[in-house]
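Input: a single structure, listed below in structure tokens.
Sequence positions, counted from 1, serve as the residue numbers for this chain.
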Amino acid sequence: THLFLTSSIEIQGIGESIRNRIGHNHVLKTAFIMTPAEGDANQDDLSWVDGERSRLNTNNFVTFDYTITGKKIDQIQKDLKAIDVLYVTGGNEFYFKEKCNQSGFKPFVQDFVNSGKPYISSSAGSIIVGHDMSAILHLSDTSKLHQPLDVTGLGIVDFTILPHWGSDNFKGEWLSKESFEYTYKSKSPLIAINNFEYVEVIDDQYRIIDVRNEK
């Protein structure tokens, strides 16, 4: 198991740090799973998706865009059988979980991670690998999703990432009364990371990396 759970790989230094920790100097074929971005409430500005893709490609994670929406597990397994890295974008984690349920993507991710190949993610893609996402329920637009809402994650790690901690763009959401209430109701440990940090998971151990300390 080797995961790199970031708030945003678009931030300078994050992609470079991950590349160094993987230790690769060659091209890695990377599936750029953009499904969470499809559920983003602000569809007028998805420039950050281009930023994530660009940062990966700069570090030899050569991407191709892929969505699990409308697909079944047999097709997904066929389309992604030759990838070296699985990358999941930011966006709406609850929308993504709904599409995981509909496509059967969860066991694919679990098998991929168990194979030892790298899983890299930003924001929503980092949140969903835990068991329980209820702590960030208030932060997401769930109005267009099917009910009942599924707040369970993929169950790959035993904690939940709280991304963008300390970011001005998310200050209002994190400091709201509703956010704190949900946070205290969480069923799993919470790890808050700012945009310059990511969590590296190797098998059953993890550590928080701050790229500002690696310069």
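Residues that satisfy the side-chain hydrogen bond (donor to acceptor under 3.5 Å, both in side chains) test with Thr63, not counting sequence neighbours, are Asn57. Taking Asp84 as the reference, nothing meets the salt bridge (Lys or Arg N to Asp or Glu O under 4.0 Å) condition, with sequence neighbours excluded.
Inter-residue side-chain proximity for Val109 and Leu86 is flagged as met; some heavy-atom pair is nearer than 4.5 Å. At least one side-chain heavy atom of Glu16 sits less than 4.5 Å from a side-chain heavy atom of Asn59. No side-chain heavy atom of Arg207 sits less than 4.5 Å from a side-chain heavy atom of Val199. Taking 4.5 Å as the limit, every side-chain heavy atom of Ile127 sits out of range of all side-chain heavy atoms of Val129. Residues Gln102 and Lys71 fail the side-chain proximity criterion, which asks for heavy atoms closer than 4.5 Å.
Residue Ile202 is not grouped with residue Ile193 when hydrophobic side chains (ILVMFWY) are merged at heavy-atom distances under 4.5 angstrom, including chains of intermediate members.
Partner Glu197 forms a side-chain contact (heavy atoms from CB on, under 4.5 Å) with one of Val211, Ile208, Ile14 and no other, that one being Ile208.
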Set out, in order, the CA-CA distance, both residues' side-chain angles and the distance that settles side chain to side chain contact (heavy atoms under 4.5 Å, CB included) for Asp132 and Phe159, then state yes or no. CA-CA 8 Å; Asp132 174 47; Phe159 54 83; over 6 Å; no
List the steps and the verdict of side chain to side chain contact (heavy atoms under 4.5 Å, CB included) for His2 and Glu200. CA-CA 7 Å; His2 205 178; Glu200 181 184 20; 2.8 Å; yes
List the steps, then state whether side chain to side chain contact (heavy atoms under 4.5 Å, CB included) holds for Val157 with Tyr206. CA-CA 10 Å; Val157 298; Tyr206 70 86; over 6 Å; no
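For Phe61 and His24, the distance between ring centers is under 6.0 angstrom. A distance of 6.0 Å or more separates the ring centres of Tyr87 and Tyr119.
Contact record, Ser17 with Tyr198: OG-OH, 2.6 Å, taken as the closest heavy-atom pair. The minimum heavy-atom distance linking Thr30 with Leu28 is given by the pair OG1-O, 3.0 Å. For Leu80 against Ile83, the heavy-atom pair with the smallest separation is O-CG1, 3.2 Å. Between Lys106 and Leu154, the shortest heavy-atom contact is CE-O, 3.3 Å. Heavy-atom minimum distance, Gln75 versus Tyr66: O-OH, 4.0 Å. Between Phe4 and Pro118, the shortest heavy-atom distance links the atoms CE1-CB, 4.4 Å.
With respect to Arg53 and Asp65, a salt bridge is recorded, a charged nitrogen being found less than 4.0 Å from a carboxylate O. A salt bridge links Arg212 with Asp210: the closest approach of a Lys/Arg side-chain nitrogen to an acidic carboxylate oxygen falls below 4.0 angstrom.
The number of heavy atoms from other shown groups lying within 6.0 Å of NE2 (His26) is above 12.
A side-chain donor-acceptor contact under 3.5 Å links Lys97 to the backbone of Thr152. Using modelled atom types, one side-chain atom of Thr58 and one backbone atom of Ser54 make a donor-acceptor pair closer than 3.5 Å.
No side-chain donor-acceptor contact under 3.5 Å links Ser123 and Ser7. Side-chain atoms of Glu10 and Ser122 include no donor-acceptor pair closer than 3.5 Å. With 3.5 Å as the limit, one finds a donor-acceptor pair spanning the side chains of Glu38 and Tyr95.
Atoms CZ and CD, on Arg21 and Glu214 in that order, are 4.5 Å from each other to the nearest 0.5 Å. Here the OG atom belonging to Ser103 is positioned 11.0 Å from the CD atom belonging to Glu98, to the nearest 0.5 angstrom. Atoms OG and CD1, on Ser121 and Ile161 in that order, are 8.0 Å from each other to the nearest 0.5 Å. In this structure, the separation between OG1 on Thr89 and CD1 on Ile9 is 11.5 Å, given to the nearest 0.5 Å. The structure places OG1 of Thr142 at 7.5 Å from CZ of Phe94, a figure rounded to the nearest 0.5 Å. Thr67 OG1 to Ile33 CD1: the interatomic distance, rounded to the nearest 0.5 Å, is 7.5 Å.
Applying the under-4.5 Å side-chain rule to Ile, Leu, Val, Met, Phe, Trp and Tyr, the cluster around Val62 extends to Val27.
Between Phe112 and Phe108, the ring-plane angle classifies as parallel under the 30° and 60° cut-offs.
Stacking of Lys99 on the aromatic ring of Phe105 is not recorded, the 6.0 Å distance cut-off and the 45° axial limit not both being met.
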